[in-house]
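Only one structure is covered here, and it is reproduced in the block below.
Sequence lines set the chain letters: A, B, ... in the order given, protein chains first and strands last, and positions in each chain run from 1. Keep in mind that this is a model prediction, so the values were computed, not measured. As a basis for the values below, the full set of heavy atoms in this structure was taken, side chains included, without hydrogen atoms, waters or symmetry mates.
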Amino acid sequence: MKKILIVAGPTAVGKTAFGIQLAQRFNGEIISGDSMQVYREVAIATAKPTVSEQNQAVHHLIDTQSIYDEFSVKEFVEQADQKITEITARGKLPIIVGGTGFYLNTLIHNFKLGAEKDEHYQKIEAEYQNLLEEKGEDYLWQLLFKQDAVAANKIPKENHRRLIRALTVIKSTGHLFSKQQEELPVKYDAYIVGLNTERELLYQRINQRVDQMMSDGLLEEANLIYSHQDKIYQAKQAIGYKEFFPYFEHQITEQEAVDLLKQSSRRYAKRQLTYFRNKLPVNWIDSVKKDTRYYHVFKEINNWLTK
RNA sequence: GGAGGAGUAGCGAAGUGGCUAAACGCAGCGGACUGUAAAUCCGCCCCAUUAUUGGUUCGGUGGUUCGAAUCCACUCUCCUCCA
């Protein structure tokens, strides 16, 4: 099984710098494990590694898409798998650095994702969307319950997106959504380093980074997304754009939008932490207050590499 | 000195006799997640405890009442206006 090193952690803890450090130390190349750094037209809100940072270690899966492209886990896993193969063949260590827990999880566990999202799929999805509007969430949930009680019991009826996805998968593949979720053996020998620090410190860093983004010209970038939003699918969901939409529409002040952005970022950090804590076997270290554990991890990685 | 107004959980803010440990928002915390995941959704949030239940609350004190954040008296603090 191929070895991959993973660096996970909430936004703004310092994953980029730490990843570079690891790459230099363990002869590695970095693969971005991030759902938003793939878009080449933007860089500020997504906190993409700077040119000089990218020069300090080889980076992959950055700038591979246009903001007008659709992108999802599927593309990520395909691309990452290929990069891992290439890097390993070169005799180097693949290091996945990123905050998108779902992507990392899917990569190492090789989740089955269901049928192709072709026209047929889109049609089914649209049908359920209409059903939801006509008959409401109760109806949709009952529908799922009749088809796949296990799945229905795991999805609250308020969670429309997941409800529709489950129903669509069942109809397009012919098998149960819950069946698709069977555990599979892991695909990689992964050592996962989790970066974290005291909550208060983390929030401080988040707030500071947002201010930095503002002086780097975030408004302009957000405006680009705002003015083309009809043609943009996933990229406009990034934190740092939608918070400014009401500002562009004169609903709120710039300061209010900035506060909103900080709020979204803090909440996001918490969601990330929850995901990593409960879904992945993470070796946690404090990346800000570097204690003994911080240095101990390098030794652990060495042991894991020679195993 | 005179006339009004306000004091509610960390903050903001509802609530004018029982259905109120007290709506709602913010802040804080926890959780779910198998093709939008920086998305989507849920829970906790006075104190103690397990789902339970118990205890102490609505500036303070004392009353009225079967029952008060809600009514009365006194009192403290703050705000506005007039002197």
Specify the closest pair of heavy atoms between A/D69 and A/Y39, including all atoms of both residues, with the distance to one decimal.
O-CE2, 4.3 Å

Has A/Q37 got a side-chain N or O lying under 4.0 Å from the OP1 or OP2 atom of B/A38?
no

Nearest to the A/A238 side chain among B/A38, B/C33, B/G31, which nucleotide is it?
B/A38

Sugar-phosphate only, base, or nothing, as touched by A/K279 at under 4.0 Å among non-hydrogen atoms:
base

Whether A/K92 and A/E86 form a salt bridge (side-chain N of Lys/Arg under 4.0 Å from carboxylate O of Asp/Glu) is what I want to check.
no

Remember a base hit wins even if backbone is also touched, and classify A/T46 as base, sugar-phosphate or nothing at under 4.0 Å, heavy atoms.
base

In whole Å, I'd like the distance from the OH atom of A/Y121 to the C1' atom of B/G35.
6 Å

Reckon A/Q181 touches a base, only the sugar-phosphate, or nothing at all at heavy-atom distances under 4.0 Å?
base

May I ask you to say what A/Q237 touches in the nucleic acid, namely base, sugar-phosphate or nothing, with a heavy-atom cut-off under 4.0 Å?
base

Could you check whether A/Y233 gets within reach of a base, just the sugar-phosphate, or nothing at all, counting any heavy atom under 4.0 Å?
nothing

For the P atoms, the ones on B/C71 and on B/G15, what distance do you get once it is rounded to whole angstrom?
13 Å

Checking A/R165 against A/F177: charged group under 6.0 Å from the ring centre and within 45 degrees of the axis?
no

Basic-acidic side-chain contact under 4.0 Å: A/D63, A/K48
yes

Under 4.0 Å, counting only non-hydrogen atoms across every strand here, what does A/T100 touch: a base, just sugar-phosphate, or nothing?
sugar-phosphate

B/C26, B/G35, B/C33: which one has an atom nearest the side-chain heavy atoms of A/R267?
B/C26

Give A/K154 one of three labels, base, sugar-phosphate or nothing, depending on what nucleic acid heavy atoms sit under 4.0 Å from its own.
sugar-phosphate

N/O (side chain, A/R266) to phosphate O (OP1/OP2, B/G28) under 4.0 Å
yes

Presence of donor-acceptor pair under 3.5 Å, side chain of A/N159 and base of B/A32
no

Is the CD atom of A/E78 crowded by more than 12 outside heavy atoms at less than 6.0 Å?
yes

Return whichever of A/V169 or A/A45 has its heavy-atom-nearest nucleotide of RNA chain B closer to the 5' end.
A/V169

Which nucleotide sits closest to the side chain of A/K270: B/C29, B/C41, B/U36?
B/C29

Considering every strand and a 4.0 Å limit on heavy-atom distances, what is the contact class for A/N105: base, sugar-phosphate, or nothing?
nothing

Between B/G35, B/C41, B/G30, which nucleotide has the shortest distance from any of its atoms to the side chain of A/K74?
B/G35

Can you find a heavy atom in the side chain of A/Q65 that is under 4.5 Å from one in the side chain of A/F71?
yes

If you only use heavy atoms from C-beta on, which nucleotide in B/C29, B/A27, B/G35 is closest to the side chain of A/S72?
B/G35

Using a cut-off of less than 4.0 Å, is there contact between a side-chain N or O of A/Y275 and OP1 or OP2 of B/A32?
no

Side chain of A/F102 only, heavy atoms from C-beta on: which candidate in B/A37, B/C42, B/G31 is closest?
B/A37

Base, sugar-phosphate, or nothing for A/E116, non-hydrogen atoms under 4.0 angstrom?
base

Winner on side-chain proximity to A/R199, out of B/G30, B/C33, B/C26, is B/G30

